[in-house]
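Worksheet for the structure shown next.
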Amino acid sequence: MSQVEKKAGLLRRTSSSKKPLKEKVVLMYDEIFAKEDPAKNNPRFWDELFLMKVNLEYLESKLESVDGEEVQRIQDNINSLFHHCVQALGEEHQIKVVNALQTLCALFRGVHQKNKSASGFDIINMLMGFDKAEQRMKDLMERLDSLLCGDSSESLKSLCLKLLLCLVTVTDNISQNTILEYVMINSIFEAILQILSDVSSRGQHGYDAVVLLALLVNYRKYESVNPYIVKLSIVDDEPTLDGMGMVVHQALAEYNRQYKDKEEENQGGFFSTLTSMVGSMFIADADEKLSVQTNEAILLALYEAVHLNRNFITVLAQSHPEIDIAATPTTPTPTTPTTPLGTTPPSLDMMNNPELPLDPNLQTSNLLITFLKYASIVMQDTKDEHRLNSARLCLIILTCIAEDQYADAFLHDDNMNFRVTLHRMPMRHRKKTVGKNIPSRPLVCAVLDLMVEFIVTHMMKDFPMDLYLRCVQIIHKLLCYQKKCRIRLHYTWRELWSALINLLKFLLSNETTLLAKHNIFHLALLIVNLFNMFITYGDTFLPTSNSYDELYYEIVRMHQVFDNLYCMVLRVSTNAGQWKEPASKVTHALVNVRAIINHFNPKIESYAAVNHISQLSEEQVLEVVRSNYDTLTLKLQDGLDQYERYSEQPKEAAFFKELVRSISLNVRKNVSLNNLSQDVLLKEFSTIS
């Protein structure tokens, strides 16, 4: 029995010698794949077809099995099937609409699967006929728009979105899907916005709508004018932007909740006992299992909103005492099979629950807090490319936020304090912190905590240089804002200084290994210039004069690291080679750090000798520092508070192209119309019709 016959619907066997009978719909499909016009002998053929329960598997496999010559022979019938599917979408009989939507999905998938190497124009020709394609796609998009914006049932709207997601992700590279040109011309942008602005429809379809929008924005975004980019960039309707933010917030919060539940589950009972018996052996493995799959589709949607629409920045800061969707579905929400953590939309139960247990002071949350918690999870483990890319996208989003003046204003607003519990990687040398001990602070403190946490936990052989560069640049951009606005942030700056010095120490210890792959001098320069920012402008943004004293104390205390760095960059810059120039820049940048060390070290040694003290306390060293500022000479360095603004094109274009490909494959895998239980749909609409 052929593969196609195996997938045919079998009704019964009358005897062992007779062939099994096929479902009527399968027989009708066979007529479509014959040369003759199926409506020739049966004028009601198409009406009857859309009253039959679709056999998606058989139809797709039949399309995939057609060879080159057969394609030419049956093309008119395939074109006719497509045309009648579109016509059926305008029927009042809801069962016909359901079956037409599912048939269209099978057509898109089956034809593309069979003709992966074919040009987009050939696929369009096979599906609808090239000469009629424009009108066919115009009719299809108008009818989908009408179904999404009208009074259709929620299940039908869900099916429309699934069809659109199926169409958008049918090719691995979204920009090679020529059919999407018609989706650009016949925009459904307004339909997507309507879904997001309405509380009830957002609860039902917001996730699919946001993912669909994120994918459409990335269609040939560097090659031509994409109307979805233009329209998204100018949206200023508050309910719509809030709705988009709410969908992203809920999806990320659901991931955080699932992660926390699994973390607690793994920390209890037998696992906890076993871990304590064998030390930390299982900690890394356990954490790895907790962060297997991230939700890059929703992260991409957040990135596009933050990057393209300045009005969306206000949504990041809007406080929600709890996540709540007012309306509940009148019909069962279609579910997908078990998928990896974080790849499915949040459940409606979750939407009606608080994102965090509320403390007595009514601790609130917002999209930015939820995102920071999410980032603290996905940035823990960057050992494979998938997780590395997810962490990279989180840092790109934070880069865009750190560059935005309005975002910086609410990040540093002393009247907007939050208690943000970030997830921290288990490490042998430190105790696990308890969330209750975290003070309520401006949100910028949580961003800095996240950067410090990343710096401390990723000094490893397979060094994520790109992520470190982004981390340090985010810190620099925040400092530039603080310097510009003279904001004295009460933050534990010593933790940041210590992390940066340890990072320099790591670079020095692994110079040979790292230089084989990376330009470590660029990162070293950024770190040294962060210290230069504190040295030159620290009196304008450090919280107290004591903080400035502590900065000098840390530099003097860890002078060996800076001395070693200077020796290394001097050695490299005086020899001919590819690193001569970048090493030379670090040499010049170290001038003030070395001046501080060379000025205070002799003073400290002299103080110890005069007072006969073998080892000075911190307070004694600080006293020496305070007493000798007036004789210290520093050079004024230009450009410390300047930075290159983020630009997606051309630097990030290759990254986003691969990211969208990965998301497209994942969406295609998870969005299957087979998962929308046909029996449930048909039962629902048979009672309506």
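If you're wondering where the values come from, they're calculated on a predicted model, not measured in any experiment. Values below: every heavy atom of this structure, side chains too, minus hydrogens, waters and symmetry copies.
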What's the separation between atom [atom1] in [X] and atom [atom2] in [Y], rounded to the nearest 0.5 Å?
| X | Y | atom1 | atom2 | result |
| --- | --- | --- | --- | --- |
| E658 | I663 | CD | CD1 | 11.5 Å |
| L372 | I377 | CG | CD1 | 11.5 Å |
| I192 | S197 | CD1 | OG | 12.0 Å |
| C85 | F50 | SG | CZ | 3.5 Å |
| K162 | S155 | NZ | OG | 11.0 Å |
| F371 | L367 | CZ | CG | 8.5 Å |

Side chain to side chain, [X] and [Y], heavy atoms closer than 4.5 Å:
| X | Y | answer |
| --- | --- | --- |
| C445 | L489 | yes |
| M451 | V472 | no |
| L127 | I123 | yes |
| L213 | V210 | no |
| L316 | L302 | yes |
| N311 | Y406 | no |
| M244 | V315 | no |
| I179 | H112 | yes |

Any donor-acceptor pair under 3.5 Å linking the side chain of [X] with the backbone of [Y]?
| X | Y | result |
| --- | --- | --- |
| N186 | M141 | no |
| S187 | M184 | no |
| H205 | S201 | no |
| N309 | V306 | no |
| N666 | S662 | no |
| N226 | R220 | no |
| S376 | K373 | yes |
| T169 | L165 | yes |
| S664 | V660 | no |
| R387 | T382 | no |

Looking just at side-chain N and O atoms, do [X] and [Y] make a donor-acceptor pair shorter than 3.5 Å?
| X | Y | value |
| --- | --- | --- |
| H423 | E453 | no |
| D641 | Y481 | no |
| Q482 | Y491 | no |
| Q102 | K53 | no |
| D139 | Q135 | yes |

Can you give me the closest heavy-atom contact between [X] and [Y], atom names plus distance?
| X | Y | result |
| --- | --- | --- |
| I396 | Y303 | CG2-CE1, 3.5 Å |
| L299 | C394 | CD1-SG, 3.8 Å |
| F108 | V170 | O-CG2, 3.4 Å |
| A251 | I298 | CB-CG1, 3.7 Å |
| K477 | E644 | NZ-O, 3.8 Å |
| L368 | I401 | CD1-CD1, 3.9 Å |

Problem set entry | Validation row, ring centre Y255 to ring centre Y374 under 6.0 Å |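 Yes; Y374 has its ring centre under 6.0 Å from that of Y255.
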Problem set entry | Ring centroid separation Y646 to H307 under 6.0 Å | yes
For this session: Apply the test side-chain contact (heavy atoms from CB on, under 4.5 Å) to residues F189 and V230: give CA-CA distance (whole Å), side-chain angles for both, the deciding distance (0.1 Å), then the verdict.
Result: CA-CA 11 Å; F189 184 80; V230 176; over 6 Å; no
Seminar exercise, completed: In D414, D413, D449, the residue satisfying salt bridge (charged side-chain N to carboxylate O under 4.0 Å, His left out) with R441 is D449
Salt-bridge present ([X], [Y]; N to O < 4.0 Å):
| X | Y | result |
| --- | --- | --- |
| D208 | K157 | no |
| K138 | E134 | no |
| E652 | K657 | no |

For this session: Would you please test N218 and L300 for side-chain contact (heavy atoms from CB on, under 4.5 Å) and show each step?
Result: CA-CA 10 Å; N218 280 276; L300 179 67; 3.6 Å; yes
Problem set entry | Derivation of the side-chain contact (heavy atoms from CB on, under 4.5 Å) call for I188 and L212 | CA-CA 10 Å; I188 50 153; L212 176 63; 3.8 Å; yes
For this session: Establish, yes or no, whether the cationic atom of R486 lies under 6.0 Å from the six-membered ring centre of F541 and within 45° of the ring axis.
Result: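 Cation-pi check for R486 and F541: fails.
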Problem set entry | NZ or CZ of K221 within 45° of F656 ring axis and under 6.0 Å | yes
Exercise. Of the options L156, L140, L163, which is the one that meets L89 in a side chain to side chain contact (heavy atoms under 4.5 Å, CB included)?
Worked result: L140
Problem set entry | Test side chain to side chain donor-acceptor pair (under 3.5 Å) applied to Y643 and E403, step by step | CA-CA 10 Å; Y643 59 81; E403 286 184 7; 5.5 Å; no
Problem set entry | Test side chain to side chain donor-acceptor pair (under 3.5 Å) applied to E254 and Q250, step by step | CA-CA 6 Å; E254 171 74 351; Q250 287 154 3; over 6 Å; no
Exercise. With a cut-off of 6.0 Å (strictly less than), are more than 12 heavy atoms of other residues, nucleotides or ligands near CD of Q405?
Worked result: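 Yes, CD of Q405 has more than 12 neighbouring heavy atoms, counting only those of other groups under 6.0 Å.
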For this session: Evaluate the side-chain contact (heavy atoms from CB on, under 4.5 Å) criterion for residues L180 and L167: first the C-alpha distance (whole Å), next the side-chain angles of each, then the deciding distance (0.1 Å), finally the verdict.
Result: CA-CA 8 Å; L180 293 187; L167 170 58; 4.2 Å; yes
